[in-house]
Colleague: 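The structure follows.
Just so we're clear, the structure is a prediction, and the values are computed from it rather than from any experiment.
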Amino acid sequence: MGSVSLKIGDGTARFKRATFCSSAANILMIFSVITTNLFALYAFTASPNHNQTQILHHNNKNFSLISEQVSLILREIDSSQKKLAQMEKELLGYESFDLSRPNIANELKDYLQHHQLPLGKDSKTGITEMVSSVGHFCEKNSDLLSQYMNYKAYGPCYDDWSVAQKLILKGCEPLPRRRCFTKTVYKVGLLHPFPNSLWKPIANKTVNWSGLSCKNFPCLNGKKLGRDCIGCFDLVNGFENQRFIKARSKNDFLIDDVLVLGSGGIRIGFDVGGGSGTFAARMADRNVTVISATLNIDAPFSEFIAARGLFPLYLSLDHRFPFYDNVFDLVHASSALDVGGKPEKLEFLMFDVDRVLRPGGLFWLDNFYYASEEKKKALTQLIERFGYKKLKWVVGEKADNGKSLVVLSAVLQKPVRM
């Protein structure tokens, strides 16, 4: 048996794995069998008197005692199983919300209600009820969650996408579903047909600008939104329309050079921290489908990517990727991979990248920023742990606001593991 450690605030809560439940039940069953056999052995070997009647009388008493002990053990097993089932529910988060609190929105209460299966226990899955999916840390942010769920059912939703994003960034992911109509932005006649949409300017009217400091794309083009997004919404005059086809340093790999390394087997890919979708657009030009993971941090990244005719995936990088194992031919990532600068988070994220990348697939690490020599060593050791083949590996310097940053660019091939 192992344990799972969840950091909550300044402390750490440790829970035994769910396998504890089955192990405890097995121990109780073994104990009951041993106890029953010992009583049976005593009953058939004990003979306190030579009188046959007395022997039968003692045997009856022994059998009664055995029956009482077995009944007691069975009751203990039943009670223990119920307690263990309750512990398992609590570990899985089924009953972590106190729905009796006055600040809990009614819609949230309705969403979190357990729904018994109409035909009882399902023979394939073993479940007896349907439980709504909601992130573990939603309970830690119940006030903000109630604000998000406080709406009139079947009416319009509040324009509160920024509240939803705050919850996601606080670890409340997935969010609960809602029964209200989301605010719409009229886009008919404003979107370009594919593939022209990949490189055409996006109209300001196609985006919901509420909750953002900028209210148009020219405003965003004058801002640095990240190391990988400087003027990244300008598809006409900026460097964005040259990215991945023109190198500015030795760490900028060209997209056609990387595709050659895939031996013609690159069909679908995943961009971790997809920015404004330019990597996916370049791949689309080459008949490769790429999904871009993004959030609307200070800019409408998701709507912009969708307006280009591409696939935005709205989730934080703390969330497990919602894909099956070994499905992508290529995974592309930059400094966005370094979630919060914490080595444990990077390890979990890298293992998830490895999970969704197929054997023989390519992992393209693009201008990953080293904050220190220690971080460089830690990342190098982590990559070597996966046993990837280094097809390209370049450590260089890159200018950023007058400073020289050490960055790593690499193309790695996932091995076949038996």
Colleague: Between Phe363 and Phe386, is the ring centre distance below 6.0 Å?
Modeller: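 No: the rings miss the under 6.0 Å criterion.
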Colleague: Any non-hydrogen side-chain atom of Val406 less than 4.5 Å from a side-chain atom of Tyr369?
Modeller: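 No, every pair of side-chain atoms sits at 4.5 Å or beyond.
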Colleague: Pro176 versus Met149: any side-chain heavy-atom pair under 4.5 Å?
Modeller: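 Touching, per the 4.5 Å side-chain cut-off.
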Colleague: Please determine whether the number of non-hydrogen atoms from other residues, nucleotides or ligands lying under 6.0 Å from atom NZ of Lys224 exceeds 12.
Modeller: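 Correct, the count exceeds 12.
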Colleague: List the steps and the verdict of ring pair (Phe, Tyr, Trp, His ring centres under 6.0 Å) for Phe323 and Phe328.
Modeller: CA-CA 9 Å; Phe323 307 114; Phe328 288 109; 4.9 Å; yes
Colleague: Would you call Tyr370 and Leu379 a side-chain contact if the rule is heavy atoms closer than 4.5 Å?
Modeller: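 Contact flag for Tyr370/Leu379 side chains = yes.
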Colleague: So, taking the atom named NZ in Lys223 and the one named CG in Leu220, what distance separates them when rounded to the nearest 0.5 Å?
Modeller: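 Interatomic distance, Lys223 NZ to Leu220 CG, rounded to 0.5 Å: 7.0 Å.
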Colleague: Report yes if the distance between the aromatic ring centroids of Phe217 and Phe304 is under 6.0 Å, otherwise no.
Modeller: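 Between Phe304 and Phe217, which both carry aromatic rings, the centre distance is below 6.0 Å.
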Colleague: Start with the C-alpha distance between His332 and Phe253, add both sets of side-chain angles, then the distance that settles ring pair (Phe, Tyr, Trp, His ring centres under 6.0 Å), and finish with yes or no.
Modeller: CA-CA 12 Å; His332 174 262; Phe253 298 159; over 10 Å; no
Colleague: Check the surroundings of atom CG in Asp234: do more than 12 heavy atoms from other residues, nucleotides or ligands lie under 6.0 Å from it?
Modeller: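 Enclosed: over 12 neighbouring heavy atoms sit under 6.0 Å from CG of Asp234.
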Colleague: Between the side chain of Lys414 and the main-chain N/O of Leu362, is any donor-acceptor distance below 3.5 Å?
Modeller: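 No, because the side chain of Lys414 does not come within donor-acceptor range (under 3.5 Å) of the backbone of Leu362.
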Colleague: Arg385 vs Glu347, test: side chain to side chain contact (heavy atoms under 4.5 Å, CB included). Steps then yes/no.
Modeller: CA-CA 11 Å; Arg385 187 176 298 170; Glu347 285 188 12; 4.1 Å; yes
Colleague: When you look at Leu412 and Leu391, which way does the side chain to side chain contact (heavy atoms under 4.5 Å, CB included) test go after all the steps?
Modeller: CA-CA 6 Å; Leu412 310 167; Leu391 304 180; over 6 Å; no
Colleague: For a quick check under 3.5 Å, do Ser210 and Lys183 share a side-chain donor-acceptor pair by atom type?
Modeller: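 Checked: Ser210/Lys183 side chains show no N/O donor-acceptor pair below 3.5 Å.
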Colleague: Do you know the tightest heavy-atom contact between Ser409 and Asn367?
Modeller: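 For Ser409 versus Asn367, the nearest heavy atoms are OG-N, 3.0 Å.
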Colleague: Check whether more than 12 heavy atoms from other residues, nucleotides or ligands sit under 6.0 Å from atom CZ of Phe181, and answer yes or no.
Modeller: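 No - once you tally the heavy atoms of other residues, nucleotides and ligands closer than 6.0 Å, there are 12 at most.
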Colleague: Hey, does the side chain of Asn208 reach the backbone of Val185 with a donor-acceptor pair shorter than 3.5 angstrom?
Modeller: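 The answer is no, because no donor-acceptor pair under 3.5 Å joins these two groups.
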Colleague: What's the spacing between Leu108 CG and Gln147 CD if we round to 0.5 Å?
Modeller: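 So the gap between those two atoms works out to 13.0 Å.
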Colleague: Counting N and O atoms only, with roles assigned by atom type, does the side chain of Ser302 sit under 3.5 Å from a partner on the main chain of Pro312, one being a donor and the other an acceptor?
Modeller: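 Looks like no, no N/O pair under 3.5 Å.
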Colleague: Can you confirm whether Leu144 sits close enough to Val163 that some side-chain heavy atom of one is under 4.5 Å from a side-chain heavy atom of the other?
Modeller: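 Yes, close enough: below the 4.5 Å cut-off.
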Colleague: Quick one: does Gln413's side chain have a donor or acceptor within less than 3.5 Å of a partner on Gly360's backbone?
Modeller: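 Yes, because the side chain of Gln413 sits within donor-acceptor range (under 3.5 Å) of the backbone of Gly360.
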Colleague: Please examine the side chains of Leu365 and Ser334, heavy atoms only from C-beta on, and report whether any two atoms are closer than 4.5 Å.
Modeller: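 Sidechains of Leu365 and Ser334: no contact.
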Colleague: Of Arg179, Arg177, Arg178, which meets side-chain hydrogen bond (donor to acceptor under 3.5 Å, both in side chains) against Glu107?
Modeller: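 Passing option: Arg179.
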Colleague: Minimum heavy-atom separation for Ala299 and Leu212, please, with both atom names.
Modeller: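 It is N-CD2, 3.7 Å.
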Colleague: For Asp318 and Ser316, test the side chains for any donor-to-acceptor distance below 3.5 angstrom and give the result as yes or no.
Modeller: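 Their side chains do not contain a donor-acceptor pair, so the 3.5 Å distance test is not met.
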Colleague: Can you check whether Pro195's main-chain N or O pairs, donor with acceptor, with Arg308's side chain at less than 3.5 Å?
Modeller: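 No, Arg308 side chain to Pro195 backbone: no donor-acceptor pair under 3.5 Å.
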Colleague: Flag the pair Asp352 and Arg355 as a salt bridge only when some basic side-chain nitrogen lies within less than 4.0 angstrom of an acidic carboxylate oxygen.
Modeller: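 Judged by the 4.0 Å cut-off on N to carboxylate O distance, Asp352 and Arg355 do form a salt bridge.
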Colleague: Any side-chain heavy-atom pair from Thr206 and Leu191 closer than 4.5 angstrom?
Modeller: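 Heavy-atom side-chain distance check passes, below 4.5 Å.
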Colleague: Stepwise, does the side chain to side chain contact (heavy atoms under 4.5 Å, CB included) test hold for Leu346 with Leu382?
Modeller: CA-CA 9 Å; Leu346 180 60; Leu382 178 60; 4.1 Å; yes
Colleague: Assess the residue pair Leu349 and Phe321 against the criterion (side chain to side chain contact (heavy atoms under 4.5 Å, CB included)); give the C-alpha distance rounded to whole Å, side-chain angles, the decisive distance to 0.1 Å, and a yes or no.
Modeller: CA-CA 9 Å; Leu349 184 54; Phe321 298 140; 3.5 Å; yes
Colleague: Less than 6.0 Å separating the ring centroids of Phe279 and Trp364?
Modeller: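 Yes, close enough.
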Colleague: Less than 4.5 Å apart, side chain to side chain, heavy atoms only: is that true for Val395 and Leu408?
Modeller: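 Result yes, sub-4.5 Å side-chain heavy-atom pair found.
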Colleague: For the side chain of Asn296 and the backbone of Phe301, is there at least one donor-acceptor N/O pair under 3.5 Å apart?
Modeller: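 At least one qualifying donor-acceptor pair exists.
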Colleague: May I ask you to decide if Val356's main-chain N or O and Asp325's side chain share a donor-acceptor pair within less than 3.5 Å?
Modeller: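 No, Asp325 side chain to Val356 backbone: no donor-acceptor pair under 3.5 Å.
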Colleague: Check Asp329 against Ile266 and note the closest heavy-atom contact, atom names and distance.
Modeller: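 Shortest heavy-atom separation between Asp329 and Ile266 comes out as O-CD1, 3.6 Å.
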Colleague: Less than 4.0 angstrom from a charged side-chain N to a carboxylate O is my criterion; do Glu240 and Arg243 meet it?
Modeller: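 Counted as a salt bridge, because a side-chain N and a carboxylate O are separated by less than 4.0 Å.
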Colleague: Just checking, is any N or O donor in the side chain of Asn251 or Asp366 under 3.5 Å from an acceptor N or O on the other one?
Modeller: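 Side-chain D/A pair, Asn251 to Asp366: absent.
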Colleague: Is there a side-chain contact between Lys390 and Trp393 (heavy atoms, below 4.5 Å)?
Modeller: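 A side-chain contact under 4.5 Å exists here.
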Colleague: Sub-3.5 Å donor-acceptor pair from the side chain of Thr380 to the main-chain atoms of Lys376, do we have one?
Modeller: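 At least one qualifying donor-acceptor pair exists.
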Colleague: Ignoring hydrogens, what is the shortest heavy-atom contact between Leu254 and Ala247? Give both atom names and the distance.
Modeller: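 So the two residues come closest at CD2-N, 3.7 Å.
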Colleague: Would you say that more than 12 heavy atoms from the other residues, nucleotides or ligands in this model lie under 6.0 Å from the NZ of Lys187, or not?
Modeller: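 Yes - once you tally the heavy atoms of other residues, nucleotides and ligands closer than 6.0 Å, there are more than 12.
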Colleague: If I take atom CG from residue Leu261 and atom NZ from residue Lys392, how far apart are they, to the nearest 0.5 angstrom?
Modeller: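 It comes to 6.5 Å.
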Colleague: Between CG of Leu295 and CG of Leu315, what distance do you get to the nearest 0.5 Å?
Modeller: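 With rounding to 0.5 Å, CG (Leu295) is 7.0 Å from CG (Leu315).
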Colleague: Supply the atom-to-atom distance Leu313 CG to Asp271 CG, rounded to the nearest 0.5 angstrom.
Modeller: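 Between Leu313 CG and Asp271 CG, I get 11.0 Å after rounding to 0.5 Å.
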Colleague: Any side-chain to backbone donor/acceptor pair from Asp252 onto Arg248? Under 3.5 Å, distance only.
Modeller: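 Pair found, side chain donor or acceptor close to backbone of Arg248.
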Colleague: Hey, are Asn141 and Lys166 close enough side-chain-wise for a donor-acceptor pair under 3.5 Å?
Modeller: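 No, no side-chain donor-acceptor pair sits under 3.5 Å.
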Colleague: Side chain to side chain donor-acceptor pair (under 3.5 Å) with Tyr388: which residues, sequence neighbours excluded?
Modeller: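 With neighbours one apart ignored, the set is Asp354.
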Colleague: So which atom in Ser146 and which in Ala105 form the shortest heavy-atom distance, rounded to 0.1 Å?
Modeller: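 That closest heavy-atom pairing would be OG-N, 3.4 Å.
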Colleague: Can you tell me how far apart CG (Asn237) and CG (Asn221) are? Round to the nearest 0.5 Å.
Modeller: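 Going from CG on Asn237 over to CG on Asn221, the span is 8.5 Å.
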Colleague: Check Val327 against Ile268 and note the closest heavy-atom contact, atom names and distance.
Modeller: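 Scanning both residues completely, I find the closest heavy atoms to be O-CD1, 3.1 Å.
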Colleague: Distance-only check: which donor-acceptor pairs under 3.5 Å involve side-chain atoms of residues 284-294, not counting sequence neighbours?
Modeller:
from	atom 1	to	atom 2	distance (Å)
Asp285	OD2	Trp199	NE1	3.1
Arg286	NE	Asp256	OD1	2.6
Arg286	NH1	Arg282	O	3.0
Arg286	NH2	Asp256	OD2	3.4

Colleague: Would you list the pairs meeting salt bridge (Lys or Arg N to Asp or Glu O under 4.0 Å) in which at least one residue belongs to residues 197-221, sequence neighbours left out?
Modeller: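 Salt bridge (Lys or Arg N to Asp or Glu O under 4.0 Å) check on residues 197-221 returns no pairs.
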Colleague: Does His319 have its ring centroid less than 6.0 Å away from the ring centroid of Tyr314?
Modeller: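 No - the distance between ring centres of His319 and Tyr314 does not fall below the 6.0 Å cut-off.
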Colleague: Quick one: does Asn241's side chain have a donor or acceptor within less than 3.5 Å of a partner on Val236's backbone?
Modeller: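 Indeed, once roles are kept as given, a pair shorter than 3.5 Å links the two residues.
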